[in-house]
Protein chains: 2
Amino acid sequence: MPYFDAASAAPLHPVARQALLASLDEGWADPARLYREGRRARLLLDAAREAAAEAVGCRPDELVFTPSGTRAVHAGISGALAGRRRVGNRLVVSAVEHSSVLHAGETHAAAGGTVTEVPVGRSGAVDADAFAEALGEGTALACLQSANHEVGTEQPVAQVAEACRAAGVPLLVDAAQSLGWGPVDGGWSLLTASAHKWGGPAGVGLLAVRKGVRFAPQGPSDERESGRAPGFENLPAIVAAAASLRAVRAEAAAEGARLRALVDRIRARVPELVPDVEVVGDPVHRLPHLVTFSCLYVDGETLLSELDREGFSVSSGSSCTSSTLTPSHVLRAMGVLSEGNVRVSLPAGTAAEDVDRFLAVLPGVVAGVRERLGAPGAAPSAAAPSGSLVVDSLGKRCPIPVIELAKVIGDVPVGGTVTVLSDDEAARLDIPAWCEMRGQEYVGASPSPGGGTAYVVRRAS
Amino acid sequence: MPYFDAASAAPLHPVARQALLASLDEGWADPARLYREGRRARLLLDAAREAAAEAVGCRPDELVFTPSGTRAVHAGISGALAGRRRVGNRLVVSAVEHSSVLHAGETHAAAGGTVTEVPVGRSGAVDADAFAEALGEGTALACLQSANHEVGTEQPVAQVAEACRAAGVPLLVDAAQSLGWGPVDGGWSLLTASAHKWGGPAGVGLLAVRKGVRFAPQGPSDERESGRAPGFENLPAIVAAAASLRAVRAEAAAEGARLRALVDRIRARVPELVPDVEVVGDPVHRLPHLVTFSCLYVDGETLLSELDREGFSVSSGSSCTSSTLTPSHVLRAMGVLSEGNVRVSLPAGTAAEDVDRFLAVLPGVVAGVRERLGAPGAAPSAAAPSGSLVVDSLGKRCPIPVIELAKVIGDVPVGGTVTVLSDDEAARLDIPAWCEMRGQEYVGASPSPGGGTAYVVRRAS
């Protein structure tokens, strides 16, 4: 049963399992105590910190363990912002950061701070110059992920770090998706990561803060983890996290190349096998194991459920698979299609045969979903031109508005317009994306008198 | 090698180990995902929540898992205070709460809030009426531990809960030390606990918030754990925590009675075997497995290290074993001797022979430390009366000031005074405690012109 959602959580690496088991026996005591069980725990903790620091590329006393990557991000952002409170209260982030970064930004904004989002291009990357320009007066902290968790695009971290250095602004790099593959290049100031993304156990995050970075931990603290992560250390998991990071790093070059080839196969074959698909994310500057594509006329939730039935576990940034009913903020920021969105992220050791079987199964699954939804064929028919048309899709969810648009575009003459009335947030993204994919002209959107939004599309071909 | 520090961390219960191993395989995926690995993780999480809620005595939707007991306390206090911001900003706590509660109080005070500490008697318990009186105008939250972590004294939680109910103030009970022994009686509003105290793994705390309690989680949150504990759930550890809580509860009555008898033996025998010892904490209303005593003329660090050499792992609230160089806030609040302090907390399964061996070894260890420090004999000699004396102990650490006092008390006549000059914080507690133990009169303390504090003692016998 192939699991293709390593970007959410990777199965436990055998080394992590082994280290966890060993340290359940050796590392359950309080490392702050002076008796032998405590000293043993302290030795394990120190060794784990050294191993993790070496993999991160920092000094052991710059690195603390947190209960999760999310908590590392929250503590890193709040501590760095507070440490530079006198400089200003501006936080600069890319528009495609992990939700933990954006949530920390929301908290900062609610407390009166300013958050500036740097937009990304259609590949999902920020422009380093644009990022540099955003580092205006009063910027206390900048955040940029090493690589995007939904589309795999690598960010220009080294260039942005250089710009931050020039501007005197510390840069926090969320390396959750990439740390298992290698250290983060460039002169970052703070770095965060999450062990269960590289095959370590849940319950462990990393927060590195370079010496010299002003940092004032927020909230109650205690004497543990340099006052930056209160609460009893989750030692067996920390030991397992450090051991598995070392292990995956040793395998990273070879396994990365192998998975990169499998992802290249998916990137190349999916558009050949499935009509009306958009593969998103940078084709070259990307994580080795992750690929994302979106399928027109398909709803993400049904697609995931059908793939699950076929034995494939993948995730989706489509609105209909989320509780918020809005498409993923990453796909929105990129301006790409969100309907029928599928993220495939291969765990280490994924067999080529499983990828081939996925490619064999996918076309039929997509076709089946489309058929049930009454999706149009690959090309619209060119029948009965009639000037302009209005399609009322109010109350209908993604992908129905796009399907209804596609069904009638052939009913207007070239130069004629179709107006789609929709109150589904996904339409805002997916109707323009459909136009771009199908060579039609997206005219614009305006509030509709009867509720929802009117999207106007002009038939171009 | 007997480990007698279960109150810091208990070794992993076999059921916890077994559940952890099983859920490493079954519970590593994201419980928020819809594919089979995610659904399986969700089932495990739901079952763990139900089991934990049953043990706590609340509804499953009232309970969330946090990364530690400390984090549960921090989240519970900040959320409850924020939820009742309109009522007022007063936090009422007992003076002997766990440091996580006091640290949360410090953060509250630093943000402009008020913290009222309710004092305790010499047994370590608050007076329920005094606690009720402290619930004045503008009290947003009250906190009371179920039982003290350093001396084992049970608090009158049910009576205080009733007083809180009458005053319309929610009560947070830190049940970290007692939850493995049984549910907390009385009408608490919030409850916190920590799995590694009952033999569960590190990395798991519990926060229960009764329906109807106003609660506004602070800091960034996400969709996990009802928005009260952000970050990927530490599922294998959560499963192990819940399973072991159920297991220790099944054994609690029998094992509690057995350990209570062993602790009674320690309480009775230590003062018989070791001269100048004070056993502290309530002799009856106490945790079954925990006993604390202090030995005059001994420094805690050396005592712990000598006991460790003999194979016994215990902890201490003496100033010389802590990084703060002040005695434990619990012993201070109780007004009892802190020097030579030893806490023995027996893990489940402790053999009676190990306790007997501890009792056999202790007298020699204490006598050895005393001899090396030049401690006086059991009774002061009554030689060469000379009116009054001043002892300069400036720059000397606990227990030297008390030793020097004891050495010269016999040099003054009955009615004469000894003035001890000391800049050691422990003296403030230990000199009065020594007077009470030795039947001498403690006159008082005042700043000494040459630095430190002058403690005046009148020879009474």
Side-chain angles (χ1 to χ4, degrees), chain A residues 1 3 5 8-12 17 20-21 24-25 28-30 33-38 66-71 73-74 77-78 99-100 103-104 106-107 194 196 201-205 218-223 230-237 301 304-305 307-308 312-315 321 323, chain B residues 1 3 5 8-12 17 20-21 24-25 28-30 33-38 66-71 73-74 77-78 99-100 103-104 106-107 194 196 201-205 218-223 230-237 301 304-305 307-308 312-315 321 323:
Chain A
M1 302 290 274
Y3 172 81
D5 196 23
S8 283
L12 205 62
R17 190 190 172 88
L20 185 64
L21 286 187
L24 287 178
D25 297 329
W28 52 267
D30 185 347
R33 298 292 177 184
L34 302 174
Y35 43 69
R36 64 196 174 284
E37 294 87 352
T66 67
S68 64
T70 291
R71 302 267 183 162
V73 164
H74 294 172
I77 291 179
S78 64
S99 58
S100 58
H103 291 148
E106 286 161 18
T107 300
S194 174
H196 77 103
V204 183
Q218 296 302 287
S221 69
D222 58 23
E223 74 288 358
F232 192 79
E233 292 93 346
N234 188 356
L235 191 51
E301 185 155 351
L304 258 54
S305 139
L307 285 170
D308 177 53
F312 294 95
S313 301
V314 297
S315 81
T321 57
S323 54
Chain B
M1 303 289 275
Y3 172 82
D5 196 22
S8 283
L12 205 62
R17 191 188 171 90
L20 185 63
L21 286 187
L24 287 178
D25 297 329
W28 51 268
D30 184 347
R33 299 290 177 184
L34 302 174
Y35 43 69
R36 65 196 172 286
E37 294 89 351
T66 67
S68 65
T70 291
R71 301 267 183 164
V73 165
H74 294 171
I77 291 179
S78 62
S99 58
S100 58
H103 291 148
E106 287 161 18
T107 300
S194 174
H196 76 105
V204 184
Q218 296 301 288
S221 70
D222 58 23
E223 75 287 0
F232 192 79
E233 291 93 345
N234 188 356
L235 191 51
E301 186 155 352
L304 257 55
S305 140
L307 285 170
D308 176 53
F312 294 96
S313 301
V314 298
S315 81
T321 59
S323 55

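So you know, we letter chains A, B, ... as the sequences are listed, proteins then strands, and number each from 1. Because only heavy atoms are used, hydrogens play no part in the values below, and waters and symmetry mates are left out as well, while side chains stay in.
Highest contact tally toward chain A, considering only Asp25(B), Leu12(B), Leu20(B), is held by Asp25(B) [criterion: heavy-atom pairs under 4.5 Å]. Chain B forms the most heavy-atom pairs under 4.5 Å with one residue out of Val73(A), Thr107(A), Thr66(A), Asp222(A), and that residue is Thr107(A). For the options Ala9(B), Pro11(B), Ala104(B), heavy-atom pairs under 4.5 Å to chain A are most numerous at Pro11(B). With chain A as the partner, the residue from Glu233(B), Arg71(B), Glu223(B), Arg36(B) showing the most heavy-atom pairs under 4.5 Å is Arg36(B). With chain A as partner, the option from Thr70(B), Val204(B), Leu304(B), Asp30(B) having the largest number of non-hydrogen pairs under 4.5 angstrom is Thr70(B).
Here the closest heavy-atom approach between residue Gly231(A) and residue Ser68(B) is recorded as CA-OG, 3.8 Å. Nearest heavy-atom pair across Leu21(A) and Leu21(B) is CD2-CD2, 2.8 Å.
Side-chain contact between His103(A) and Pro230(B): absent, with no pair of heavy atoms (C-beta onward) separated by less than 4.5 Å.
When heavy atoms are compared at a cutoff of 4.5 Å, Ser221(A) approaches chain B solely by way of its backbone atoms N, CA, C and O. Looking at Ala237(A), neither its backbone nor its side chain comes within 4.5 Å of chain B, counting heavy atoms on both sides. Val314(B) touches chain A through its backbone: at least one of N, CA, C or O sits under 4.5 Å from a heavy atom, while the side chain does not.
Between Phe232(B) and His196(A), the ring-plane angle classifies as parallel under the 30° and 60° cut-offs.
Using modelled atom types, one finds no donor on one side chain facing an acceptor on the other under 3.5 Å when comparing Ser313(B) with Arg33(A).
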